Amino acid sequence: MGPSGKQPAGNADRLSDLPDGLIHYIMSFLTVRQAVQTCVLSRRWEDLWCSMPCLNIDEQDFRPSAIGQGSEYLDYDYEDEFEDDIDYARFEDFVTNLLMFHSAPTLDSFRFHAVCHAVSHREIKFINSWLCRCIKRRPKVVEIHSTGDCKLPRFGSSSSRLSRLHLTGITLDRTFAQQLPCSSYPVLEDLELKRCKLDDDAEIASCTLKNLTIEDCTTSNPSALTIKAPSLTHLQLFITAFGQNWHAVTVDEMPFLVKATIRLKPSTAILPCKLLYSLIYVRDLELTGLRTLDNLHIGSGTFPVFHNLRSLLLDKCDLSDSCDILGSFLNNAPCLEKLTLQLCEKVLTKAKEEEMWRRHL
């Protein structure tokens, strides 16, 4: 303290003078455990975590190697096996008490990461109850990453503010597809499903979706996947998982589509697919898989015309049996500016190859 009894300007706690909203924004970049730890900074910060509108619950905070450390471990790859076991009892107590004292009526974002590989029925029950409690806070953004047998709770009226939903490793029953139409998710624009278990004959139908990613999702029985999203601008469809998958994919017309990425594993047999006809408005198209071109076109009549296509990338495609289709792309994409062939197999004699390019170029 100075002679006058005032705190010197250089030692002023300017961070604590910030308004609650700005401090909450700073906390949004932290996991909840780190946010709670800020209560020791000053009396001003003691209860701020109770009203923060962003919850990022991450069980990796409870790895023995993470306890007492900074945030550098947050860059850890969640898909790797962990050398350290999760202190699950401590994690369970922490989250239960957190949700008991957290008082924000609504959430801007809710993120939950639980990637332990051997969870018990009791632990799954706790996790599902936590998900229900947080979703009732009507979050705008929901990201759930789990490798256990977790199920997505029913949103009901809690979906009225939801604009982004990213799910990894979650089991989705038939009610999920039934809730997707505009009346249940009126502002949902971004949906990402990775390694999720979908119900048989799953249908993704929404007139508000703009970004859709479906990656390595599986079903209990081979069935059809239907996508009805007329407002979609970006589509990523990756079918590379081993196990049960779809025998057919149906996609309705998407007149506002800007970019589409379709990736199939070599043994995928989704016939007929007719995906090309659903992508005719796309500007940037990426196709990956040794049989991608065949699978996409089988069952269709004439080759579609891509009036808006500017960029085409073919990756790991077997062009030896698909050169006519490649030539059709060149003939039916009048505005094509960029063609990329990446790691493709092309078994042609030099004379036949020169003839093909001369005929279509």
Side-chain angles (χ1 to χ4, degrees), residues 28 31-32 53-59 78 99 104 106-115 124 127-199 202-219 225-239 241 251-252 254 256-261:
S28 70
T31 63
V32 287
C54 299
L55 291 181
N56 182 0
I57 301 174
D58 192 337
E59 73 173 9
Y78 285 105
L99 297 181
T106 60
L107 292 177
D108 289 338
S109 67
F110 167 55
R111 294 178 172 86
F112 183 85
H113 291 259
V115 296
I124 290 295
I127 291 175
N128 287 332
S129 69
W130 297 337
L131 297 182
C132 287
R133 292 186 64 175
C134 291
I135 284 176
K136 286 181 179 178
R137 306 280 184 88
R138 296 185 294 128
K140 294 180 181 178
V141 174
V142 172
E143 296 180 7
I144 304 174
H145 183 131
S146 174
T147 58
D149 190 22
C150 296
K151 294 184 178 180
L152 183 69
R154 296 189 180 187
F155 276 78
S157 60
S158 300
S159 63
S160 60
R161 304 169 69 238
L162 186 66
S163 62
R164 184 165 79 225
L165 179 60
H166 288 191
L167 304 174
T168 301
I170 302 297
T171 299
L172 304 172
D173 59 20
R174 189 175 299 274
T175 59
F176 172 73
Q178 294 172 348
Q179 292 177 340
L180 265 183
C182 301
S183 57
S184 299
Y185 293 82
V187 294
L188 182 63
E189 295 186 350
D190 188 346
L191 176 61
E192 180 179 285
L193 306 177
K194 292 185 176 181
R195 297 183 295 282
C196 291
K197 298 178 183 177
L198 276 65
D199 199 56
E203 179 175 286
I204 307 298
S206 170
C207 61
T208 60
L209 274 184
K210 294 184 178 178
N211 302 302
L212 175 62
T213 297
I214 300 178
E215 180 176 335
D216 292 354
C217 293
T218 58
T219 62
L225 170 66
T226 302
I227 299 175
K228 298 179 180 180
S231 301
L232 211 63
T233 59
H234 291 80
L235 170 66
Q236 292 189 72
L237 178 60
F238 298 171
I239 306 179
V251 181
D252 281 8
M254 297 173 287
F256 304 105
L257 194 61
V258 175
K259 182 173 182 178
T261 302

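Computation of the quantities below employed the complete heavy-atom set of this structure, encompassing side-chain atoms and omitting hydrogens, waters and symmetry-equivalent molecules. It should be emphasised that the depicted structure is a prediction, and the values quoted were computed from it without experimental measurement.
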Q: First locate atom CG of L232, then atom CG of N211, and finally report the distance between them rounded to the nearest 0.5 Å.
A: 7.0 Å
Q: Tell me if a side-chain donor or acceptor on S163 pairs with a main-chain N or O of K140 at a distance below 3.5 Å.
A: yes
Q: With no hydrogens and no angle check, just 3.5 Å: does a side-chain donor-acceptor pair link S109 and R111?
A: yes
Q: Identify which one of V251, L237, L235 satisfies the side-chain contact (heavy atoms from CB on, under 4.5 Å) criterion when paired with L212.
A: L235
Q: When rounded to the nearest 0.5 angstrom, what distance separates SG in C196 from CG in L172?
A: 5.0 Å
Q: May I ask you to decide if L257's main-chain N or O and T233's side chain share a donor-acceptor pair within less than 3.5 Å?
A: no
Q: Please walk me through it: do R195 and H145 pass side chain to side chain contact (heavy atoms under 4.5 Å, CB included)?
A: CA-CA 10 Å; R195 297 183 295 282; H145 183 131; 4.3 Å; yes
Q: Please tell me if the side chains of F176 and L165 come closer than 4.5 Å, counting only heavy atoms from C-beta onward.
A: yes
Q: Measuring from E215:CD to T261:OG1, what's the distance to the nearest 0.5 Å?
A: 11.0 Å
Q: Please answer whether the main-chain N or O of P230 pairs with a side-chain N or O of D252 as donor and acceptor at a distance below 3.5 Å.
A: no
Q: Verify, without hydrogens or angle tests, whether R138 (side chain) and S157 (backbone) share a donor-acceptor contact under 3.5 angstrom.
A: no
Q: Could you give me the CA-CA distance, side-chain angles and deciding distance for F155 and L162, then say whether side chain to side chain contact (heavy atoms under 4.5 Å, CB included) is met?
A: CA-CA 10 Å; F155 276 78; L162 186 66; 3.8 Å; yes
Q: With a 4.5 Å cut-off on side-chain heavy atoms, are T226 and I204 touching?
A: no
Q: Any carboxylate oxygen within less than 4.0 angstrom of a Lys/Arg side-chain nitrogen, looking at E143 and R164?
A: yes
Q: Any side-chain heavy-atom pair from L209 and Y185 closer than 4.5 angstrom?
A: no
Q: Can you tell me if H113 and N56 form a side-chain donor-acceptor pair at under 3.5 Å?
A: no
Q: Quick one: are L152 and L167 in side-chain contact, heavy atoms under 4.5 Å?
A: yes
Q: Report the C-alpha distance between I170 and T168 in whole Å, list the side-chain angles of each, state the deciding distance to 0.1 Å, and finish with yes or no for side chain to side chain contact (heavy atoms under 4.5 Å, CB included).
A: CA-CA 6 Å; I170 302 297; T168 301; over 6 Å; no
Q: Is any side-chain heavy atom of I57 closer than 4.5 Å to a side-chain heavy atom of F110?
A: yes
Q: Using only atom types and a distance under 3.5 Å, with no angle test, would you say the side chain of S231 pairs donor to acceptor with the backbone of K210?
A: no
Q: Salt bridge or not for K228 and E203, using N-O below 4.0 Å?
A: yes
Q: With side chains defined as the heavy atoms from C-beta onward, is the minimum distance between L198 and T171 less than 4.5 Å?
A: no
Q: From L180 CG over to L188 CG, what is the distance, rounded to the nearest 0.5 angstrom?
A: 7.0 Å
Q: Has the side chain of R161 got a donor or acceptor atom that lies under 3.5 Å from a matching backbone atom of L107?
A: yes
Q: In sequence, state the C-alpha distance, the side-chain angles, and the governing distance for T106 and R137, and then conclude on side chain to side chain contact (heavy atoms under 4.5 Å, CB included).
A: CA-CA 5 Å; T106 60; R137 306 280 184 88; 5.5 Å; no
